[in-house]
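These notes concern the structure reproduced below.
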Amino acid sequence: MAASNSSKLFRLGHSLVGNLSNNFLGTIRPSSEMMCNDFLYQQQRTFIQMRTNLKVVDNSGAKRVMCIQALKGKKGARLGDTIVASVKEAQLGGKVKKGEVHYAVVVRAAMQRGRCDGSEVKFDDNAVVLINKQGEPIGTRVFGPVPHELRKKKHVKILSLAEHIA
């Protein structure tokens with residue numbers, strides 16, 4: 001009986017301390033609204049990380065790949081970074097088959113990236129172009145817009161194959 005009363009007092013004290021800290025910071029919001037905003041903020045700020053499904057936007061034969069590892073950073077990959085990906089869906093008769101592992105370059109990312117002129121570029125989906133070990137694209141065409149930041153990352157061949165440079 002005494003243990004249950006002490007736990008109730010602890011919860012009451014904890015909630016009071018939480019409310020005092022919210023009042024102290026000047027932010028009084030319902031917890032559901034706060035959780036929703038935090039969730040949306042986390043959703044916008046995600047990287048291309050392990051187990052992320054990505055769309056393939058070239059004619060190599062793959063439709064969808066899953067990121068195995070980002071080669072640059074620990075957290076994940078952004079626009080222009082190289083990743084190691086496993087093919088999850090592929091067309092029949094394509095150059096790549098389901099289950100193969102290839103390198104890929106991230107050409108579109110839903111995470112926004114700032115540019116030197118102060119503007120930001122952000123795409124609706126996460127997309128990659130498959131490349132070989134030498135860094136050359138496996139496919140001969142690249143569909144959809146591609147950011148011009150790939151020029152700084154030395155992926156000029158992908159830019160030359162692209163339909164539209166954003």
Side-chain angles (χ1 to χ4, degrees), residues 25 27 29-166:
L25 295 174
T27 56
R29 292 189 296 183
S31 61
S32 62
E33 179 184 336
M34 187 168 51
M35 285 176 40
C36 180
N37 288 340
D38 290 341
F39 175 73
L40 291 175
Y41 180 74
Q42 288 174 355
Q43 199 172 24
Q44 290 175 348
R45 302 291 300 171
T46 56
F47 292 91
I48 307 297
Q49 53 193 359
M50 285 178 54
R51 299 184 59 87
T52 301
N53 286 315
L54 303 130
K55 183 178 177 182
V56 179
V57 291
D58 61 5
N59 62 346
S60 61
K63 292 181 181 178
R64 187 175 58 89
V65 296
M66 184 180 72
C67 176
I68 295 174
Q69 183 180 14
L71 293 181
K72 184 182 174 187
K74 291 181 182 177
K75 289 187 177 181
R78 292 185 178 185
L79 281 177
D81 290 345
T82 304
I83 63 171
V84 180
S86 171
V87 178
K88 291 298 176 185
E89 288 180 24
Q91 295 175 348
L92 294 175
K95 294 179 185 175
V96 297
K97 306 289 185 238
K98 180 181 176 183
E100 291 181 354
V101 176
H102 290 279
Y103 290 104
V105 175
V106 179
V107 295
R108 290 199 295 260
M111 183 177 177
Q112 60 192 11
R113 179 184 168 104
R115 289 186 169 171
C116 295
D117 60 356
S119 64
E120 292 180 336
V121 62
K122 181 179 177 181
F123 294 98
D124 292 336
D125 59 350
N126 298 319
V128 296
V129 171
L130 297 181
I131 57 173
N132 58 15
K133 289 185 180 182
Q134 289 77 30
E136 300 167 353
I138 294 175
T140 56
R141 296 176 65 196
V142 176
F143 306 110
V146 171
H148 65 78
E149 281 87 4
L150 294 180
R151 189 175 309 278
K152 293 178 187 174
K153 303 275 188 163
K154 309 281 192 278
H155 298 294
V156 182
K157 181 75 174 177
I158 294 173
L159 284 173
S160 66
L161 296 175
E163 291 178 349
H164 182 347
I165 298 173

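What you see is a predicted model; the values in this text were computed from it and never measured. The residues of the chain are indexed from 1 along the displayed sequence.
Taken from OG in S119 to CD in Q112, the straight-line distance is 11.0 Å, to the nearest 0.5 Å. Within the model, atoms CD of Q69 and CE of M50 stand 7.5 Å from one another, a figure rounded to the nearest 0.5 Å. Taking CD of E120 as the start and CE of M111 as the end, the distance is 10.0 Å to the nearest 0.5 Å. Between atom OG of residue S60 and atom CD of residue E100 there is a gap of 10.0 Å, rounded to the nearest 0.5 Å. D125 CG to N53 CG: the interatomic distance, rounded to the nearest 0.5 Å, is 12.5 Å. Rounding to the nearest 0.5 Å gives a distance of 10.5 Å between NE2 of H102 and NZ of K133.
Scanning all heavy atoms of the two residues, the minimum distance from A104 to I131 falls at N-CG1, 4.0 Å. The minimum heavy-atom distance between G76 and A70, with the atom names listed, is C-CB, 3.8 Å. Closest approach of K63 and Q91 over heavy atoms only: CE-CG, 3.4 Å.
Other residues, nucleotides and ligands place more than 12 heavy atoms under 6.0 Å from the NZ atom of K97. Atom CG of L71 has more than 12 heavy atoms from other residues, nucleotides or ligands within 6.0 Å. Residue K55 places its NZ atom among 12 or fewer non-hydrogen atoms of other residues, nucleotides or ligands, all under 6.0 Å distant. With a 6.0 Å radius and a threshold of 12 heavy atoms from other residues, nucleotides or ligands, F143 has its CZ atom above the threshold.
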Enumerate, atom names and distances included, each donor-acceptor pair closer than 3.5 Å involving a side-chain atom of residues 153-166, sequence neighbours excluded.
residue	atom	partner	partner atom	Å
K153	NZ	D81	OD1	3.0
H155	NE2	G80	O	3.4
S160	OG	K157	O	2.7
E163	OE1	G144	N	3.4

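Contact annotation: the side chain of P147 approaches that of R115 to within less than 4.5 Å [non-hydrogen atoms, C-beta and beyond]. By the 4.5 Å heavy-atom criterion applied to side chains, V56 and V96 are not counted as neighbours. In this structure, the side chains of V129 and V57 come closer than 4.5 Å at one or more pairs of heavy atoms. No side-chain heavy atom of V106 sits under 4.5 Å from any side-chain heavy atom of R78.
A donor-acceptor pair under 3.5 Å is absent between the side-chain atoms of R108 and the main chain of D124, judged by distance alone. Under a 3.5 Å cut-off, the side chain of D58 and the backbone N or O of L130 do form a donor-acceptor pair. Proximity of a side-chain donor or acceptor of N59 to a complementary backbone N or O of R141 within less than 3.5 Å is detected.
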Would Y103 and I83 satisfy side chain to side chain contact (heavy atoms under 4.5 Å, CB included), going step by step from the backbone distance to the final call? CA-CA 6 Å; Y103 290 104; I83 63 171; over 6 Å; no
Begin with the C-alpha distance, continue with both residues' side-chain angles, and end with the deciding distance and a verdict on side chain to side chain contact (heavy atoms under 4.5 Å, CB included) for F123 and L79. CA-CA 10 Å; F123 294 98; L79 281 177; 4.3 Å; yes
